[in-house]
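Report on the structure given below.
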Amino acid sequence: RLSVRMVRVTRATTPGVLRYAAAAALNLALALACLAPPLASAQLATAAAAPRQLCSCQIDGQMPQCMQEVYGLCATAGEYARAIPMCNIDWSGVIAMSPAVFMEVLKAASVLCRHPYQFNVTEMASFLGATAFGHLAPAFVANGITGAFMTQLTKEELTDNLNASLGDAMMFMEGKNTFLESTGPPLNRGKMPARDIAEVQLGFNVRQLSEIDEVKFEFHVAFDLVMHWSDMNIWADCKASGAKEIEKGPCQYVWKPQLAFPNARSYEIADGRSTLWTDVATKTATYTLDVTGTFAAPMTFRTFPMDAQDLPITVAFSDSNNGLVRRVMRWAPVAAQLDAKIEDTEGGKDTLSGWTVEAASAREHGHVGIDWLEMAGDSGPMLDFMLSLKAASEAMTNVTMDFREQSTYSAATCNIHVKRTTVFYMLNYIMIVVLLTSLSWITFLMDPSDLNDRCGISLTLLLALNVFQLILSELMPKTGYLT
């Protein structure tokens, strides 16, 4: 009776998507408090040595066993347990677990044991009991709702076909979406969160390069981004093409990196050409994007017209990736290539006016979007707030907080190496200047007394050079050195 009353209070007072998790968490705490005393050292050691698959957490009525498995899993994490949300549990006195932690337990169980997507009707009903939605189990059984069907349920189907109340339907949908969605970082196969850095492989395929503007220090490029990673949170196969299809069905719950292009002046991602494929057997995902844009590029012209330039395209994880900074997740490995249409043109035709595209390479590095500590200055309310935040974090984690590290995200830069077509500039620029300058020597072959004609030729050549210089100045950047 006490358990039931506590569940009702929790449903009424706990906000957000974790209401049902809070109810189950309270059931768990009460069950452990009533059925067993706090675990003794020997019991904890036994729990640590037992299999840690968290399967009990998915079965109705096995919450005490679930808690033992959770503790055993956290015990193996050792010094890295503090970074795992479900391991931040107060084991002294009455055992309790916050809604957020209970949700992490359910997500971990879906990876280490079985994902509810694979449950049959009976297993799905038992899972509902474990998550404080046991009162919906008879309707699920009567309608043959398996785990796969559960992931597709809508609020209308819950109320119209399964006779769920509107409140239960809304809480179920919020909880379902939170449970199925992976917020990242991806759980790479064979890696441990907090101990290992999550990695996402990145490849650039440069399809087209045009409009290198030396005056504006920018270039226009079209390229493909190919991203590949392993994620133990992948629970269904997904094959989608186009942005709309990627946000439907199981594909919408697959973790995908949020990207930023730090040196882009403008860019566009073609919605119809993006693709997402997942393989549940290998727990891998491949995500491709078609990007077109104008990017800024620093250039040097000290060796003009025999200069070569590296045109950069930088792709970084966005700071909207829930704090997935470089020490947590990074691009690795990275690679770049030129599309066959650029590298091996038919009949040796040109693809870029005035330049030759020679190669493309890529490297991973850190990217600081905003250095918050630098922006805070030497004094003021912003600095006081950040220092108080730093002190609170260090007191909680016993780890020194580095603001710059917390603002550094992984980035990958593709450098497109281009070389200027020297012959064109030699014939059309330098040779013209040489020719005009050489013509000035004609005045020395003329009669010294023919002053009018000699001055006329000199002034004409001077004006020609002046006009030529004005034309060139519009085509060349304004630098502080001779080119």
Side-chain angles (χ1 to χ4, degrees), residues 202-227 259-270 273 288-316 331 333-365 367 411-433 468 471-483:
L202 176 64
F204 296 83
N205 178 54
V206 182
R207 298 197 324 271
Q208 184 181 10
L209 178 64
S210 61
E211 301 178 23
I212 299 179
D213 193 329
E214 296 103 317
V215 177
K216 295 182 179 179
F217 290 86
E218 64 183 24
F219 63 99
H220 191 77
V221 64
F223 59 96
D224 299 312
L225 285 178
V226 181
M227 292 157 278
L259 305 181
F261 299 88
N263 70 318
R265 293 184 173 168
S266 63
Y267 70 92
E268 180 180 0
I269 298 177
R273 297 192 61 182
T288 67
L289 296 175
D290 181 333
V291 185
T292 303
T294 300
F295 293 79
M299 303 181 191
T300 178
F301 304 96
R302 295 184 184 278
T303 58
F304 176 88
M306 295 173 286
D307 56 315
Q309 308 290 346
D310 284 323
L311 308 178
I313 305 170
T314 300
V315 180
W331 298 115
V334 295
Q337 68 173 21
L338 298 176
D339 194 86
K341 295 178 181 179
I342 294 179
E343 198 167 30
D344 299 314
T345 58
E346 182 181 354
K349 296 179 181 178
D350 296 329
T351 59
L352 183 63
S353 176
W355 299 85
T356 301
V357 185
E358 295 195 330
S361 61
R363 64 182 181 90
E364 190 276 340
H365 56 90
H367 167 70
T413 295
C414 168
N415 283 311
I416 307 171
H417 189 72
V418 296
K419 189 175 182 179
R420 195 182 298 272
T421 306
T422 305
V423 174
F424 171 83
Y425 293 91
M426 291 290 291
L427 293 177
N428 293 277
Y429 288 6
I430 297 178
M431 288 301 296
I432 296 297
V433 174
F468 192 67
I471 296 174
L472 288 182
S473 65
E474 296 180 359
L475 303 176
M476 297 297 295
K478 298 174 177 63
T479 63
Y481 49 85
L482 296 177
T483 57

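Sequential numbering from 1 along the given sequence is applied to the chain's residues. A quick note: this is a predicted structure, and the numbers were derived from the prediction, not measured.
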- Does one side chain, of Thr413 or His365, offer a donor that lies under 3.5 Å from an acceptor on the other? yes
- In short, Val334 meets Ala412 closest at the heavy-atom pair CG1-CB, 3.9 Å
- Query: Once you round to the nearest 0.5 Å, how far does CD of Gln208 lie from NZ of Lys341?
  - Reply: 9.0 Å
- Flag side-chain contact, heavy atom, 4.5 Å: Leu259 against Leu289: yes
- Item | Ring geometry between Phe223 and Phe204 (parallel below 30°, tilted from 30 to 60°, perpendicular above 60°) | tilted
- Query: Does the side chain of Leu311 come within less than 4.5 Å of Val418's, by heavy atoms?
  - Reply: yes
- Do the side chain of Asn263 and the main chain of Ala296 share a donor and acceptor less than 3.5 angstrom apart? yes
- Query: Between Glu218 and Arg265, what is the shortest heavy-atom contact and its length?
  - Reply: OE1-NH1, 2.8 Å
- Cys414 SG to Asn205 CG distance, which is reported to the nearest 0.5 Å: 9.5 Å
- Query: Just how far is it from atom OG1 of Thr292 to atom OH of Tyr267, taken to the nearest 0.5 Å?
  - Reply: 12.5 Å
- Of the non-hydrogen atoms in Ala260 and Pro262, which two are nearest, and what is the gap between them? O-CD, 3.4 Å
- Task: State, yes or no, whether a side-chain contact exists between Pro312 and Phe219 at a heavy-atom distance under 4.5 Å.
- Result: yes
- Message: Does any part of the side chain of Glu364, heavy atoms only, come nearer than 4.5 Å to the side chain of Leu202, both counted from C-beta?
- Response: no
- Message: With heavy-atom distances below 4.5 Å as the criterion, would you say the side chains of Thr288 and Asp224 are in contact?
- Response: no
- Query: Do you know which of Asp213, Ile212, Asp307 makes side-chain contact (heavy atoms from CB on, under 4.5 Å) with Met299?
  - Reply: Ile212
- Item | Point-to-point distance, once rounded to the nearest 0.5 Å, from NE2 of His417 to CH2 of Trp355 | 10.0 Å
- Message: When you measure from the side chain of Gln309 to the backbone of Thr300, do you find a donor-acceptor pair of N or O atoms at a distance under 3.5 Å?
- Response: yes
- Item | Glu268 atom CD, neighbour heavy-atom count above 12 within 6.0 Å | no
- On a heavy-atom basis, the closest approach of Arg420 and Pro305 is CD-O, 3.6 Å
- Query: Quick one: OG1 on Thr294 to CD on Glu211, what's the gap to the nearest 0.5 Å?
  - Reply: 7.0 Å
- Message: Tell me the closest heavy-atom pair linking Ile342 and Leu209, and the distance in Å.
- Response: CD1-N, 4.2 Å
- Query: Going by the angle between their ring planes, with limits at 30° and 60°, are Phe468 and Tyr429 parallel, tilted or perpendicular?
  - Reply: perpendicular
- Check the angle between the aromatic planes of Phe295 and Phe261 and answer parallel, tilted or perpendicular using the 30° and 60° thresholds. perpendicular
- Indicate whether the side chain of Asn415 and that of Asp310 have a donor and an acceptor atom separated by less than 3.5 Å. no
- Query: How long is the gap from CG on Leu225 to CD1 on Ile313, to the nearest 0.5 Å?
  - Reply: 8.0 Å
